[in-house]
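A note on names: the letters A, B, ... follow the listed sequences, proteins ahead of strands, and every chain is numbered from 1. It should be emphasised that the depicted structure is a prediction, and the values quoted were computed from it without experimental measurement.
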There are 2 protein chains.
Amino acid sequence: MTGTAPRPTLEAVAERAGVSRATVSRVVNGGDGVREPLVERVRKAVEELGYVPNQAARSLVTRRHDAIAVIVAEPESRVFADPFFALQLRGISKELTAHDNQLVLLLTEGRDDHARVGRYLAGGHVDGALVFSLHLDDPLPELIQRAGVPTVFGGRPGWSGDGRGVAYVDVDNRGGARDAVRHLAGLGRTRIAHITGALDQTSAVDRLDGYRDVMVDADPRLIVESDFTPAGGERAMRELLTRCPDLDAVFAANDLTAAGALRVLRETGRRVPDDVAVVGFDDMLPVTEQTEPPLTTIRQDIEEMGRLMARLLLRGLERNATEEGIAAAPSSVVLPTTLIRRASA
Amino acid sequence: MTGTAPRPTLEAVAERAGVSRATVSRVVNGGDGVREPLVERVRKAVEELGYVPNQAARSLVTRRHDAIAVIVAEPESRVFADPFFALQLRGISKELTAHDNQLVLLLTEGRDDHARVGRYLAGGHVDGALVFSLHLDDPLPELIQRAGVPTVFGGRPGWSGDGRGVAYVDVDNRGGARDAVRHLAGLGRTRIAHITGALDQTSAVDRLDGYRDVMVDADPRLIVESDFTPAGGERAMRELLTRCPDLDAVFAANDLTAAGALRVLRETGRRVPDDVAVVGFDDMLPVTEQTEPPLTTIRQDIEEMGRLMARLLLRGLERNATEEGIAAAPSSVVLPTTLIRRASA
DNA sequence: GTGAAAGCGCTAACAG
DNA sequence: CTGTTAGCGCTTTCAC
């Protein structure tokens, strides 16, 4: 592992093809306005020399990087551990790749990292950013906004400021929750409880709102706050069982929570779905298919969400580059959910 | 979102501080060989102007990018779904961040992407690469090797070619497997079965070897090939139960597989650990703590593995830059494992 | 110790 | 349509 071959430059290609650097540049960048025979010659020279453009030199003049930052805040590192993250990343990666953009991953561990991220963004290393803003009080959104980098958020940012102009992609948490509760009601259940997610995240708040939409004057004791974890689900379920031993259904804010609830239900001798029907949210396959019984849940297409985030951002950048001026902020998108019926409800 | 403020250049800072560009450059890059008062003045100007170096311009002359590619092959997308990936990424990210390096993530979906990755690497966009080579027949390792980019692999690459000079970080799969089986034997078990992982991955092969090290002349029927998935674990367990109804212990190649096995064991009325003791591998908390009973397993420190990969690579790059010449390939590292005792064995 | 000057490899006017 | 000419912002000899 020694000799790093000196890569050929435009100049070299130009010489070999017997044309000027400008012509080679044109060909390399699409070849518009160059006559066929020349194009041919240049292509051949590029091929023979194994020429690859130097991105640094190019960026220096174009001020574009064809690179997008993906910023993941993982305060509790909990969010990070589930397949969610990987799926979104995959969706993003696919879309970026399809448009020849690079994915620069920025993981933030806490307050300390915010400054670093801010600096990086302000440094103009990337053309845009995709951000997963997990918590309501997260300082990241504002920081990013200040850096002046075009951004699309994953999940509606729970931003105290006016949300105008903030582009995001989210799933229809509220609608999905409504579907879940309606399904339960359709099964003839009347004492439908809800175990919430971590309420400092908009997804949890929206799901709770959806529950309330349907259970307009629900017994407040049927709602118990939790945190999206299995352990939290267990605790919440125990609490619920104490408060309302007569409940006949549970809508859990996510599958992990539902799995915890299921376990407690089983332990305490309740049959699912006969005694208590259970619906989750997410449709995380590794979870929903492994619970006993398999979990009825609300599916959201995570990968598609990632893909859409990238698409929205890229489109915005394009427009910005061409129309230049009244650059419309890319509008937000809310993805639909679907109820997946399994055995638990 | 309109006015993109024109970022200040070295020139601007120099003017404001009343020095030359060269001096500013020196200060920005460590400030060696510049007198204190000047350093002070420059620092102040940098601060006031909010100057951030233009990485593209810098790379153009230094030929360094302070960026590392992380390449994840995810053929079945299975590997991708579990927390493994996220944890390794986190370890890598931390280490890179600590050394002011950027993480460029390259996800490959299949054959088509290989060419793209090869081109990217050859394009000299990054200073090095971290690669998770998942399968024995993966063409990626060779491709990367050819691109001439310093690389560290995650997990021993199952490379047909001579493995000399290939740097990797792995856990002691074989040793861990031995520990698992010895633990079972220490419990007085004699009919110890093994459900293998996907044998096109070195980790699975090594764990099988470890099993064999201890069970020198094991009944071959006690070994059944599987694929690291829960469903695979179920299938394998059923098969085992048919072949050897008298087995009294199972060492599963990973926790997911063990979870599947546990389920079948329960279904078929076996008590764990009384009738059959079970040990897994990985210690994936979300799994091991949720099984019934909680799973005894072999822990590996995934995050540390990621961190080490990055450290190894960065160190290699440094050396390469300084000693320049007999740049020793960074040697490989094998991390230890520990047995975590829970209720299943 | 500090400054002046020469590029790094590329694109983008501008001529021809 | 093609070539010539300036730089993009920075580092790095080389003089002073």
Side-chain angles (χ1 to χ4, degrees), chain A residues 4-43 45-46 49-67 100 122-125 127 321-322 324, chain B residues 4-43 45-46 49-67 100 122-125 127 321-322 324:
Chain A
T4 311
R7 301 203 289 121
T9 72
L10 252 201
E11 184 91 47
V13 178
E15 188 176 0
R16 179 168 196 117
V19 298
S20 73
R21 270 167 25 214
T23 300
V24 178
S25 176
R26 284 178 191 119
V27 172
V28 170
N29 294 294
D32 300 332
V34 179
R35 266 205 197 82
E36 196 45 46
L38 270 200
V39 172
E40 203 70 4
R41 264 201 356 245
V42 172
R43 288 250 165 76
V46 166
L49 263 40
Y51 169 76
V52 185
N54 179 320
Q55 184 63 42
R58 181 180 276 175
S59 290
L60 187 54
V61 35
T62 61
R63 279 131 192 306
R64 297 197 75 256
H65 300 84
D66 297 316
D100 273 312
H125 300 281
D127 303 327
T322 48
E324 186 72 273
Chain B
T4 311
R7 300 200 292 121
T9 71
L10 251 201
E11 184 90 49
V13 178
E15 188 177 1
R16 179 169 196 116
V19 296
S20 74
R21 277 173 14 222
T23 300
V24 179
S25 176
R26 285 179 189 117
V27 172
V28 170
N29 295 295
D32 299 331
V34 180
R35 270 209 192 76
E36 197 43 49
L38 271 201
V39 173
E40 203 70 6
R41 268 211 337 259
V42 172
R43 287 251 164 76
V46 165
L49 262 39
Y51 168 77
V52 184
N54 179 320
Q55 183 63 41
R58 181 179 278 177
S59 290
L60 188 54
V61 34
T62 61
R63 277 128 193 309
R64 298 197 73 257
H65 301 85
D66 296 315
D100 272 314
H125 301 281
D127 302 328
T322 48
E324 186 73 276

*Starting from the C-alpha separation in whole Å, work towards a yes-or-no answer on side-chain contact (heavy atoms from CB on, under 4.5 Å) for Thr9(A) and Val13(A).*
CA-CA 7 Å; Thr9(A) 72; Val13(A) 178; over 6 Å; no
*Test Val39(B) against Arg43(B) for side-chain contact (heavy atoms from CB on, under 4.5 Å), laying out the working first.*
CA-CA 6 Å; Val39(B) 173; Arg43(B) 287 251 164 76; 3.3 Å; yes
*side-chain contact (heavy atoms from CB on, under 4.5 Å) evaluation trace for Asp66(B) with Arg64(B)*: CA-CA 6 Å; Asp66(B) 296 315; Arg64(B) 298 197 73 257; 2.7 Å; yes
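A pairwise comparison of heavy atoms in Arg26(B) and Val34(B) identifies CB-CG2, 3.7 Å as the closest pair. Of all the heavy atoms in Gly123(B) and Val52(A), the pair that sits closest is CA-CG1, 3.6 Å.
For Thr23(A), a side-chain nitrogen or oxygen approaches OP1 or OP2 of dG3(D) to under 4.0 Å.
Atom CZ of Arg58(A) sits about 13.0 Å away from atom CG of Leu60(B), to the nearest 0.5 Å. One distance of note links OG of Ser20(B) with CG of Leu38(B); it measures 9.0 Å at 0.5 Å rounding.
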Please tabulate the protein-to-nucleotide N/O contacts below 3.5 Å involving nucleotides 7-10 of chain D, giving atom names and distances.
from: dC8(D); atom 1: O3'; to: Arg63(A); atom 2: NH2; distance (Å): 2.8
from: dG9(D); atom 1: OP1; to: Arg63(A); atom 2: NH2; distance (Å): 2.4
from: dG9(D); atom 1: N2; to: Ala57(B); atom 2: O; distance (Å): 3.3
from: dC10(D); atom 1: OP1; to: Tyr51(B); atom 2: OH; distance (Å): 2.4
from: dC10(D); atom 1: OP1; to: Asn54(B); atom 2: N; distance (Å): 3.2
from: dC10(D); atom 1: OP2; to: Leu10(B); atom 2: N; distance (Å): 2.4
from: dC10(D); atom 1: N4; to: Arg21(B); atom 2: NH2; distance (Å): 2.6

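In this structure, of dT2(D), dC14(D), dT4(D), it is dC14(D) that holds the atom nearest to the side chain of Arg26(B).
Among the atoms of the strands shown, only primed sugar atoms or phosphate atoms (P, OP1, OP2) are found under 4.0 Å from some heavy atom of Val19(A).
Where DNA chain C meets chain A (any atom under 4.0 Å from a heavy atom), the bounding nucleotides read 5' to 3' are dG9(C) to dA13(C).
Side-chain atoms of Asn54(A) and Arg63(B) include no donor-acceptor pair closer than 3.5 Å.
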